[in-house]
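This report concerns only the one structure given below.
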Amino acid sequence: MQLKPYARTLAIALSLAFVAGCSSKGGSQDAAMDGAMDGGMSGSDRGGVSTGTVDGRGVSGGRAGQMADADGRIPENRTIYFEYDSDTIRNEFEPVLTAHARFLRANPNATVMLQGHTDERGTREYNLALGERRAGAVKRYLNVQGVSPSQVEVLSYGEERPAARGQNEQAYAQNRRVVFAY
């Protein structure tokens, strides 16, 4: 029986697939998407982070995220931000989360990937865990709002995909986030 060569080949193939899946190009795929959704018009909090958008109907701030799903569309504001070393959802982002919950409840076949991110401070392992905790906090909020757990997946990128480059508080604040990827 020649099971050993097949097992060895399978182990090597799985190892290569794992390494390829873990590699990172270091670029920011979310930065372009976040900027496109802002339309260049945004409010900002004390960290210089966008907290609202202006949509085509002239609605700004938190109301834009709440009203975007009234006609069955995915809410436009797809990013929420966190304080340093925290996975606590800030009050100012609850309307955004409520809009996403409303959309997901109204569209039971829709799924979303919650992508957790951190700034570059801390070890890689710690940042992956923190990104997962942040995305998990958002998932729990959505579940409490009546969204089916099967509609929501959690993924942590940690510090691997920064939205902003730099080693200052403004860049760090933009990188501490959870992104809704539909």
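Residues: numbered from 1 along the sequence shown.
Here CD of Gln174 is found 10.0 Å from CZ of Arg176. Values are rounded to the nearest 0.5 Å. The distance from atom CZ of Phe103 to atom CD of Gln151, rounded to the nearest 0.5 Å, is 9.0 Å. Rounding to the nearest 0.5 Å gives a distance of 10.5 Å between NE2 of His117 and CG of Leu114. For the atom pair CD of Glu120 and OH of Tyr172, the computed distance is 4.5 Å after rounding to the nearest 0.5 Å.
The heavy-atom pair separating Leu155 from Ala135 by the smallest distance is O-CB, 4.4 Å. Minimum heavy-atom separation, Asp87 to Ala137: O-CB, 3.4 Å. When all heavy atoms are compared, the tightest approach of Arg177 to Pro162 is NH2-C, 4.1 Å. Considering every non-hydrogen atom in both Tyr81 and Arg90, the closest pair reads O-CD, 3.6 Å.
Side-chain N or O atoms of Arg105 include one that pairs as donor or acceptor with a backbone N or O of Gln145 at under 3.5 Å.
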Practice problem: May I have the step-by-step check of side-chain contact (heavy atoms from CB on, under 4.5 Å) for Phe82 and Val138, ending in yes or no? | Solution: CA-CA 11 Å; Phe82 291 82; Val138 172; 4.1 Å; yes
Quiz item: Can you list the steps and then say if Arg78 with Gln115 is a side-chain contact (heavy atoms from CB on, under 4.5 Å)?
Solution: CA-CA 10 Å; Arg78 298 183 193 167; Gln115 301 171 342; over 6 Å; no
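Annotation: side-chain hydrogen bond (donor to acceptor under 3.5 Å, both in side chains) contacts involving residues 135-144, sequence neighbours excluded, comprise Thr98-Tyr141.
Judged as a side chain to side chain contact (heavy atoms under 4.5 Å, CB included), and not counting sequence neighbours, the contacts of Asn168 are Gln170, Ala171. Listed by chain and residue number, nothing satisfies the side chain to side chain contact (heavy atoms under 4.5 Å, CB included) test with Ala106 (two or more places apart in sequence, or in another chain). Legend: residues meeting side chain to side chain contact (heavy atoms under 4.5 Å, CB included) with Ser86, ordered by chain and number and at least two apart, are Glu83, Thr88. With sequence neighbours excluded, no residue forms a side-chain hydrogen bond (donor to acceptor under 3.5 Å, both in side chains) with Glu132. Thr123 is linked by a side chain to side chain contact (heavy atoms under 4.5 Å, CB included) to Glu125, Tyr126, counting only residues two or more places apart in sequence or in another chain.
At most 12 heavy atoms of other shown residues, nucleotides or ligands fall within 6.0 angstrom of atom CD in Glu153.
Residue Tyr157 is not grouped with residue Leu130 when hydrophobic side chains (ILVMFWY) are merged at heavy-atom distances under 4.5 angstrom, including chains of intermediate members.
Note: His100 and Tyr182 have parallel aromatic rings, judged against thresholds of 30 and 60 degrees for the angle between ring planes.
Of the options Thr79, Leu97, Asn77, Ile74, a side chain to side chain contact (heavy atoms under 4.5 Å, CB included) to Phe180 is made by Leu97 and by none of the others. For the side chain to side chain contact (heavy atoms under 4.5 Å, CB included) criterion with Ser156, the lone passing option out of Asn127, Thr118, Leu128 is Leu128.
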